[in-house]
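Reviewing the structure listed below.
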Amino acid sequence: MAKTQHWLIKSEPSVYAYAQLEHDGSTRWDGVRNFEARNNLRAMREGDLCLYYHSNEGKAVVGVARVARAAYQDPTSEEDWSCVDVAPLKAFTEPVTLDAIRARKGFANLEMLRRNRLSVTHVTAAEFKTFLAMGKTEL
DNA sequence: GCCAACGTTGGC
DNA sequence: GCCAACGTTGGC
């Protein structure tokens, strides 16, 4: 059994909010058109955990999703892009705002801060644990 | 293979 | 709605 990896995925809540994911039960995470984000999608394995970040509005991590299906050809493109399926796992008791993330010591190397325009970033196990604590949430 | 132009993302 | 950052594209 491969070790679970952790990721952070971004979505504008006006486009697809976490509540929508909970409503739908699962969704295809498609439309990614950035090579680095694509590589991250391809590194995902079923069962990996994703922090779900609301960009633009909210600007906070609001929950955890689980990779329900590893990377496959993105059906919304004829070209070589990938998508995964994700399912909701647990909403955070308290959203973890961007301000709080920035203020947090130990998050200096957080990829989503360093590469703020990348929509799919890697999160270390330690960072993930910290996020859960900040969100007052246990899985 | 360089670099300017362009498009997209995301914070403010 | 604006603008900065930055990845991508295309001309040379």
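Just so you know, these numbers come straight off a predicted model, no measurement behind them. Letters A, B, ... mirror the listed sequences (proteins, then strands); counts begin at 1.
- Distance A:E36 CD to B:dT9 P: 15 Å, rounded to the nearest Å.
- If you measure from atom CG of A:L8 to atom C1' of B:dG10, you get 14 Å, rounded to the nearest angstrom.
- Here B:dG10 presents its C1' atom at 17 Å from CD1 of A:I9, a figure rounded to the nearest Å.
- Listed for the A:K10 side chain is a donor-acceptor partner under 3.5 Å among the backbone atoms of A:N116.
- Nucleic acid contact class of A:R33 (heavy atoms, under 4.0 Å, all strands): none.
- If you check every strand for non-hydrogen atoms under 4.0 Å, A:N116 touches sugar and phosphate atoms only.
- If you take CH2 of A:W81 and P of C:dG7, they are 13 Å apart, rounded to a whole angstrom.
- In this structure, the separation between CD on A:Q73 and CD on A:E79 is 9.5 Å, given to the nearest 0.5 Å.
- The environment of A:E57 atom CD is dense: over 12 non-hydrogen atoms of other residues, nucleotides or ligands sit within 6.0 angstrom.
- Annotation: A:Y52 is not in aromatic contact with A:W7 [ring centroid separation under 6.0 Å not met].
- Between the NE2 atom of A:H54 and the P atom of B:dT9 there is a distance of 17 Å, rounded to whole Å.
- Remark: A:K10 is in phosphate contact with B:dG10, judged by side-chain N or O atoms under 4.0 Å from OP1 or OP2.
- Nearer the 5' end of DNA chain C, as judged by each residue's closest nucleotide, is the contact made by A:N56, out of A:R117 and A:N56.
- Proximity of A:Y53 to the phosphate of B:dG11: a side-chain N or O atom is located under 4.0 Å from OP1 or OP2.
- Proximity note for A:F35 (side chain, C-beta onward) versus B:dG11, C:dG7, C:dT8: the nearest is C:dT8.
- A:L118 has its CG atom 17 Å from the P atom of C:dA5, to the nearest Å.
- Remark: P of C:dG7 and CZ of A:R38 are 15 Å apart, rounded to the nearest angstrom.
- A salt bridge does not link A:D74 with A:R38: every distance from a Lys NZ or Arg NE/NH1/NH2 to an Asp or Glu carboxylate oxygen is 4.0 Å or more.
- Between A:M112 atom CE and B:dG10 atom P there is a gap of 9 Å when expressed in whole angstrom units.
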